[in-house]
Asker: 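Below is a structure I'd like to ask you about.
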There are 2 protein chains.
Amino acid sequence: MATTIKDIARRTGVSHSTVSRALRNDPLISVATTRRIQQVAREMAYLPSAAARSLKTNRSLVLGVIVSSIDDPFFSEIVFGIESCAQEAGYSLFIAASQHDPSRVEKIIQTMMEQRTDGVIICSSSLNSNQNRQLLEYGFPIVVVNHQAAENFHYSIYHDDVDGSRQVTRHLVELGHTRIAYLGNSLSGRTTLDRLTGYQAEMMEHHLQILEGYIHHVPGSNPALGVDGAMHFLALPKPPTAIVCFNDMLAIGVLQGCQQAGIQVPQQMSITGFDNITFSAYTNPPLTTLDQPKRSIGAEAARLLLTLLNSNQENPSFQPQQITLKGNLLVRQSTAQLTNREKK
Amino acid sequence: MATTIKDIARRTGVSHSTVSRALRNDPLISVATTRRIQQVAREMAYLPSAAARSLKTNRSLVLGVIVSSIDDPFFSEIVFGIESCAQEAGYSLFIAASQHDPSRVEKIIQTMMEQRTDGVIICSSSLNSNQNRQLLEYGFPIVVVNHQAAENFHYSIYHDDVDGSRQVTRHLVELGHTRIAYLGNSLSGRTTLDRLTGYQAEMMEHHLQILEGYIHHVPGSNPALGVDGAMHFLALPKPPTAIVCFNDMLAIGVLQGCQQAGIQVPQQMSITGFDNITFSAYTNPPLTTLDQPKRSIGAEAARLLLTLLNSNQENPSFQPQQITLKGNLLVRQSTAQLTNREKK
DNA sequence: TATCATTATGCACACGTGTGCAAGCAGGCT
DNA sequence: AGCCTGCTTGCACACGTGTGCATAATGATA
């Protein structure tokens with residue numbers, strides 16, 4: 001059994017309320033007793049019970065984080081950003097992975113409510129409208145990250161996917177490519193649509209045609225599906241000479257798929273990723289991609305949520321806020337000019 | 001403000017204790033009232049306060065997990081295994097990353113104690129003896145995973161690193177290699193020592209000499225350090241023809257380092273990893289590695305901890321337990337027989 | 001009809017912490 | 001000496017839930 005303030009009170013011969021005040025450095029208590037009590041508390045290895053405290057203060061100092069999968073390096077980095085910021089402010093993280101399983105999401109939301117989490121950050125696109133409603137009705141502050149239904153929420157951090165996708169596509173156009181395809185992830189909702197939009201806008205601006213079959217979606221974003229995507233494009237009557245991929249995971253698969261089919265990258269095929277996960281620098285050839293500032297995104301999300309929590313006391317109706325961050329094109333070796341032989 | 005059992009009591013005209021009992025399906029309460037109360041509870045969207053409950057019952061239904069870094073895919077997968085198992089049993093996870101920062105570890109431990117976590121799983125090697133002592137003194141059940149100082153703890157899950165490293169080394173020997181080097185991570189303590197031991201044992205068994213400079217350590221395990229490691233080995237007067245790497249992250253860097261130096265893998269150099277992280281299947285060439293059952297390791301850790309929690313009530317002194325899991329060699333394309341030209 | 005067993009419910013306290021208010025105490029002032 | 005001020009401390013209740021015990025209500029039995 002852990003020591004409590006009552007134990008300390010007994011030991012020092014004061015009431016438990018005096019101990020409570022002394023530990024919080026309340027000026028009501030004399031310096032002498034405060035010091036004595038804190039000394040004893042240290043000796044007895046006292047640690048306050050978070051449960052009791054949050055019961056009384058109605059603040060748990062815990063933030064809930066919902067991600068779709070922990071072992072996706074993209075989310076890992078966002079979580080990293082969140083954690084750094086939260087830990088600085090004295091908040092801890094309650095992390096749960098939905099694994100794209102609706103029943104699991106249900107449980108997670110319930111748990112977070114039961115834990116009376118001070119706020120929630122959602123980095124998962126797999127919440128349905130009913131779950132959204134439930135969360136909003138409960139009334140705790142929510143910040144969403146790259147979420148498809150962000151208009152339902154008041155506070156969100158966005159990466160400018162349209163802009164990013166335009167940057168990537170423009171890079172390929174400037175290299176001289178005209179037959180450029182897009183490989184999306186049909187499960188990622190709004191995100192893939194934004195990236196598709198950016199691709200389309202840039203193609204249109206340069207009066208480039210998008211041939212039949214050049215826009216293709218696979219149900220997820222692991223490398224194996226990327227291989228499938230590569231097969232699809234290579235089987236077209238007029239295969240593209242460059243493929244804009246939804247993210248790095250897919251791009252890695254496409255890269256492998258092409259190489260298995262004997263297509264040389266980047267000489268015969270240019271491939272771009274999106275996100276700049278750690279491993280994109282270590283593929284062969286290293287991947288040209290869009291460096292999404294993942295840690296900043298996570299940190300911004302946490303910062304926004306913390307601001308929300310602090311302002312909620314004085315200023316009950318904080319105005320909606322939407323922060324957009326832009327990424328940077330990162331040119332590596334998976335893209336190149338067309339060789340003459342391939343231009344035909 | 002969330003609804004409480006008192007609200008429900010007022011609404012149904014009974015005392016709060018009756019509500020409390022009805023919600024837990026206590027047979028003391030008549031079936032009729034139980035049903036009525038549960039109905040009202042549902043209507044009012046009642047969710048019990050975890051804080052109040054754990055204050056009263058002394059069980060938080062939360063497990064603490066300490067990892068050294070979240071964005072390391074190896075830990076991500078272990079956490080995944082833990083989460084699956086824990087969620088099934090109704091437990092939630094409190095995850096914190098130490099980032100190899102001792103002061104951060106200090107805070108994490110403190111937080112877990114304050115949260116009165118029911119138990120802790122440690123997947124990080126960066127706890128010093130003082131912190132170990134602190135955790136043990138506090139007295140909550142601890143399960144360590146691949147931890148260097150496991151003998152200080154009573155319950156641990158181990159991957160048999162010595163055996164794994166022997167399997168990898170034997171594979172290279174069987175391919176005909178004789179000049180085999182080992183690249184370790186000096187920060188990983190016991191783990192790198194075990195793998196080194198396995199390598200040495202296998203080399204000795206086949207009467208193979210370990211040349212000067214063939215055992216090399218770098219301070220960490222990211223791909224960039226792997227590149228450094230490759231440089232080291234290639235600069236030796238008699239460079240090795242095969243390199244056993246501490247883990248996949250390093251192996252990926254070594255792979256790139258060799259390729260930058262114009263060395264063909266696997267024709268001129270065989271490289272092996274360890275862990276089998278997702279990306280090791282998508283390097284070029286795909287990495288031969290030791291498939292460590294990461295999810296099983298995580299799940300086993302959670303299972304052991306849960307058993308501990310349940311048995312603690314009846315059986316106060318549960319006997320120490322150490323579970324060892326073995327991994328399997330996974331042969332891909334980063335290893336090959338020596339060509340005649342290179343054998344000289 | 002009085003007594004008892006059985007069932008259903010409420011009372012009151014507990015968990016550990018925080019806080020408004022009253023009370024005690026010392027010292028300085030008129 | 002009496003009063004007021006300022007500083008310290010304790011009392012008592014609150015947060016939301018769980019539980020031992022007493023009590024009330026009902027039905028059965030002698």
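These numbers come from the heavy atoms of this one structure, side chains and all, not from hydrogens, waters or symmetry mates. In what follows, every chain begins at residue 1, and chains take the letters A, B, ... in the order their sequences are listed.
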Asker: Can you pull out the residues from residues 5-28 of chain B that lie within a 4.0 Å heavy-atom distance of DNA chain C?
Answerer: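 Heavy-atom cutoff 4.0 Å gives B/G13, B/V14, B/S15, B/H16, B/S17, B/T18, B/R21, B/L28.
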Asker: Give, for atom OG1 of B/T18 and atom CG of B/L23, the distance between the pair rounded to the nearest 0.5 Å.
Answerer: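 Output value for this atom pair is 10.5 Å.
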Asker: When rounded to the nearest 0.5 angstrom, what distance separates OG in A/S98 from CZ in A/R104?
Answerer: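 Answer for the OG-CZ pair, A/S98 versus A/R104, is 8.5 Å.
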Asker: At their closest point, which heavy atom of B/F94 faces which heavy atom of A/S92, and how far apart are they?
Answerer: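 Scanning both residues, the minimum pair turns out to be CZ-CB, 3.3 Å.
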Asker: Taking the side chain of A/K56 as heavy atoms from C-beta outward, which of D/dT17, C/dG16, D/dG18 is closest to it?
Answerer: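 So the side chain of A/K56 is nearest to C/dG16.
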Asker: What is the separation between atom CG on A/N58 and atom P on D/dG16, rounded to the nearest whole Å?
Answerer: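 It works out to 7 Å between those atoms.
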Asker: Checking B/Q39 against B/R42: is there a side-chain donor and acceptor pair closer than 3.5 Å?
Answerer: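 B/R42 vs B/Q39: donor-acceptor pair found between side chains.
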Asker: Going from OG on B/S17 to CG on B/D26, what distance comes out if it is rounded to the nearest 0.5 angstrom?
Answerer: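 That separation rounds to 11.0 Å.
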Asker: Could you identify which residues of residues 29-54 of chain B place a heavy atom less than 4.0 Å from some atom of DNA chain C, listed by residue number, or say none?
Answerer: B/I29, B/S30, B/T33
Asker: Rounded to whole angstroms, how far apart are CG on B/L61 and P on D/dT17?
Answerer: 15 Å
Asker: CE of B/M112 to CD1 of B/I66: how many Å apart, nearest 0.5 Å?
Answerer: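 Taking CE in B/M112 and CD1 in B/I66, the distance rounds to 5.0 Å.
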Asker: Name all residues meeting the side chain to side chain donor-acceptor pair (under 3.5 Å) criterion together with A/R10; count only those two or more places apart in sequence or in a different chain, and write none if there are none.
Answerer: A/D7
Asker: Nearest-Å distance, CD (B/E114) to C1' (C/dC15)?
Answerer: 17 Å
Asker: Roughly, in whole Å, what's the span from CG in A/L55 to P in D/dC15?
Answerer: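 Result: 9 Å.
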Asker: Is A/E88 atom CD crowded by more than 12 heavy atoms from other residues, nucleotides or ligands, each under 6.0 Å away?
Answerer: no
Asker: Roughly how many Å is it from CZ in A/R59 to P in D/dC15, rounded to a whole number?
Answerer: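 So the CZ-P distance, A/R59 to D/dC15, works out to 19 Å.
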